[in-house]
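Scroll down for the structure; my scribbles are underneath it.
Worth saying up front: this structure is predicted, and the values here are computed from it rather than measured.
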Amino acid sequence: VQLQASGGGLVQAGGSLRLSCAASGGNFGSYVMGWFRQAPGKEREFVAGINWNGQNTYYADSVKGRFTVSRNNDKREVYLQMNSLKPEDTAVYYCAAGHMTPDSKQYVSAAYSYNDWGRGTLVTVSS
């Protein structure tokens, strides 16, 4: 599956952004979808994940309560609503698709679980 993330930009601390990830090819509705981010000089880290039907969602502790992941299988899109943004949220955000069983947080939060990655979108949060 081919993935394209969009929606990044510059926002002040406390603001909001909504990222989108559009998928083409593949059976989108069968994939677990994940959002990861990579800040300058740091390793890529898990942000949020959602199972194939949207019933199970998982979050990194650093974003829990501020970010919400969702998906629309009819539109072949996954979203990341980011509220109360902080300067430390500044990073390139990537969406990823994979199949994993079970779709528990252990696997959803692991980059190795995903086969397909989109080109990232930059989020910059100013203080």
Would you call R66 and M82 a side-chain contact if the rule is heavy atoms closer than 4.5 Å?
-> no
Under a 4.0 Å N-O cut-off, is there an ion pair linking D61 with K64?
-> yes
If you measure from CZ on R37 to CZ on R44, what distance do you get to the nearest 0.5 Å?
-> 13.0 Å
Indicate yes or no for a side-chain donor-acceptor contact from T121 to the backbone of Y93 under 3.5 Å, with no hydrogens or angles considered.
-> no
About how many Å separate OG1 of T57 and CE of M33, when rounded to the nearest 0.5 Å?
-> 14.5 Å
Heavy-atom pair of closest approach, residues N83 and S16 = OD1-OG, 2.9 Å
Answer yes if V125 and Y94 sit in the same cluster of Ile, Leu, Val, Met, Phe, Trp and Tyr residues linked by side chain heavy atoms under 4.5 Å apart, and no otherwise.
-> no
Closest heavy-atom contact between A48 and Y59?
-> CB-CD2, 3.7 Å
Backbone N/O of Y107 and side chain of S113: donor-acceptor pair under 3.5 Å | yes
Going hydrophobic residue to hydrophobic residue with side-chain gaps under 4.5 angstrom, can you get from V47 over to V11?
-> yes
What's the spacing between E88 CD and L85 CG if we round to 0.5 Å?
-> 10.0 Å
Between Y58 and F46, ring centroids under 6.0 Å = no
Under the 3.5 angstrom rule, does the side chain of D89 hit a backbone N or O of K86 as a donor-acceptor pair?
-> yes
Under 3.5 Å, which donor-acceptor pairs link side chains of residues 67-80 to any protein atom two or more places apart or in another chain?
residue : atom : partner : partner atom : Å
R71     : NE   : W52     : O            : 3.4
R71     : NE   : N73     : OD1          : 2.7
R71     : NH1  : Y31     : O            : 2.7
R71     : NH1  : N51     : O            : 2.8
R71     : NH2  : F28     : O            : 3.0
R71     : NH2  : Y31     : O            : 3.2
R71     : NH2  : N73     : OD1          : 3.3
N72     : OD1  : D74     : N            : 3.0
N72     : OD1  : K75     : N            : 3.0
N73     : ND2  : W52     : O            : 3.0
R76     : NE   : A23     : O            : 3.2
R76     : NH1  : G26     : O            : 3.4
R76     : NH2  : G25     : O            : 2.4
R76     : NH2  : G26     : O            : 3.3
E77     : OE1  : Y79     : OH           : 2.5

Roughly how far apart are Q81 CD and S20 OG, rounded to 0.5 Å?
-> 9.5 Å
Taking all atoms of both residues into account, what is the closest heavy-atom pair of S127 and A13, and its distance?
-> CA-CB, 4.3 Å
Check the hydrophobic clustering (I, L, V, M, F, W, Y; side-chain heavy atoms under 4.5 Å; chains of links allowed) and say if M100 and F36 are grouped together.
-> yes
Nearest 0.5 Å, what's the CZ-SG distance between R119 and C21?
-> 13.5 Å
Check V1 against A97 and note the closest heavy-atom contact, atom names and distance.
-> CG1-CB, 3.6 Å
Shared hydrophobic cluster for L122 and L3 (ILVMFWY, side-chain gaps under 4.5 Å) | no
Compare all side-chain heavy atoms of V108 with those of Y114 and state whether any distance is below 4.5 angstrom.
-> yes
